[in-house]
Amino acid sequence: DGGITQSPKYLFRKEGQNVTLSCEQNLNHDAMYWYRQDPGQGLRLIYYSQIVNDFQKGDIAEGYSVSREKKESFPLTVTSAQKNPTAFYLCASSIKFNDWGLSNQPQHFGDGTRLSIL
Amino acid sequence: DQQVKQNSPSLSVQEGRISILNCDYTNSMFDYFLWYKKYPAEGPTFLISISSIKDKNEDGRFTVFLNKSAKHLSLHIVPSQPGDSAVYFCAASEYRNQFYFGTGTSLTVIP
């Protein structure tokens with residue numbers, strides 16, 4: 001079955017440590033996204049990528065980095081510069097917007113990674 | 001500043017009755033709107049969408065209404081079932097591909 005796989009499901013980070021969250025999709029989608037969810041808040045966009053080797057910052061990119069070397073993979077690194085990394089992280093993918101008249105372009109989400117600080 | 005708002009954090013409805021979830025937005029350039037459903041420990045799953053050229057879209061028990069002048073979106077579930085109990089997020093985007101999500105409404109359908 002096609003879908004998005006995020007790993008690990010739970011992750012713990014020590015102070016000053018970088019950690020990388022994995023996101024893989026086999027939906028042949030061009031666009032991939034990383035969101036962060038905090039209690040009482042909506043999903044906030046960290047980074048997104050519309051094509052291999054290209055990505056753009058979202059609203060809260062500080063302290064995070066990404067790469068898009070393959071169409072299927074969009075790993076997110078939470079760096080030590082991110083002072084409040086405890087959150088639920090969601091990866092998503094979609095076909096690329098190339099015609100605003102398309103009526104159905106939902107994002108498909110993985111099951112998330114919960115990151116906590118030790 | 002939150003561009004998409006869901007002002008009701010929770011809603012309880014009797015099984016068989018209608019559930020109405022509301023969403024307001026501030027950006028008049030939004031042209032595509034979606035509702036997602038999320039169970040605990042899972043990612044959101046797409047439920048229904050509507051483009052700004054329409055004011056209503058139906059899919060089975062789910063209907064989304066769009067009132068562009070009021071910048072208001074609502075999701076109607078009729079009849080509500082216990083399996084509908086979940087958190088519902090609305091989301092909106094404009095052409096440049098970034099989606100903005102509301103904070104979610106937790107729906108509980110009471111058997």
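Naming convention: chains lettered A, B, ... in sequence-line order (proteins, then strands); numbering from 1 in each chain.
In this structure, a donor-acceptor pair under 3.5 Å is absent between the side chains of A/Glu69 and A/Asn53. B/Ser69 and B/Asn67 share a donor-acceptor pair across their side chains, judged by distance under 3.5 Å alone. Between the side chains of B/Thr45 and B/Tyr39, no donor-acceptor pair of N or O atoms lies under 3.5 Å.
Contacts of residues 81-90 of chain A with chain B at a heavy-atom distance below 4.5 Å involve A/Phe88, A/Leu90, listed in sequence order. Identified by a heavy-atom distance below 4.5 Å to chain A, the contributing residues of residues 101-111 of chain B are B/Phe101, B/Gly102, B/Thr103, in residue-number order.
The closest side-chain heavy-atom distance from A/Gln107 to B/Phe46 is not below 4.5 Å.
Taking the six-membered ring where the residue is Trp, the centroids of B/Tyr100 and B/Phe30 are separated by under 6.0 Å. Ring centroids of A/Tyr47 and A/Phe74 are separated by 6.0 Å or more, keeping the two rings apart. Two rings, from B/Phe65 and B/His76, have their centers less than 6.0 Å apart.
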| query | Does the pair A/Tyr35 and A/Leu76 meet the rule for a side chain to side chain contact (heavy atoms under 4.5 Å, CB included), with working shown? | reply | CA-CA 10 Å; A/Tyr35 292 91; A/Leu76 173 75; over 6 Å; no

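By the 4.0 Å N-to-carboxylate-O rule, B/Arg17 lies too far from B/Glu15 to be salt-bridged with it. Salt bridge B/Lys68/B/Asp55: absent, no basic N to carboxylate O contact under 4.0 Å. With salt bridges taken as basic N to acidic carboxylate O contacts below 4.0 Å, none links B/Asp24 and B/Lys71.
Contacts with chain B were tallied for A/Lys9, A/Gln37, A/Gln56; A/Gln37 has the most, counting heavy-atom pairs under 4.5 Å.
Contact of A/Gln6 with chain B is not made at all, since no heavy-atom distance falls under 4.5 Å. Interface remark: B/Lys38 contributes side-chain atoms only to the contact with chain A (heavy atom separation under 4.5 Å).
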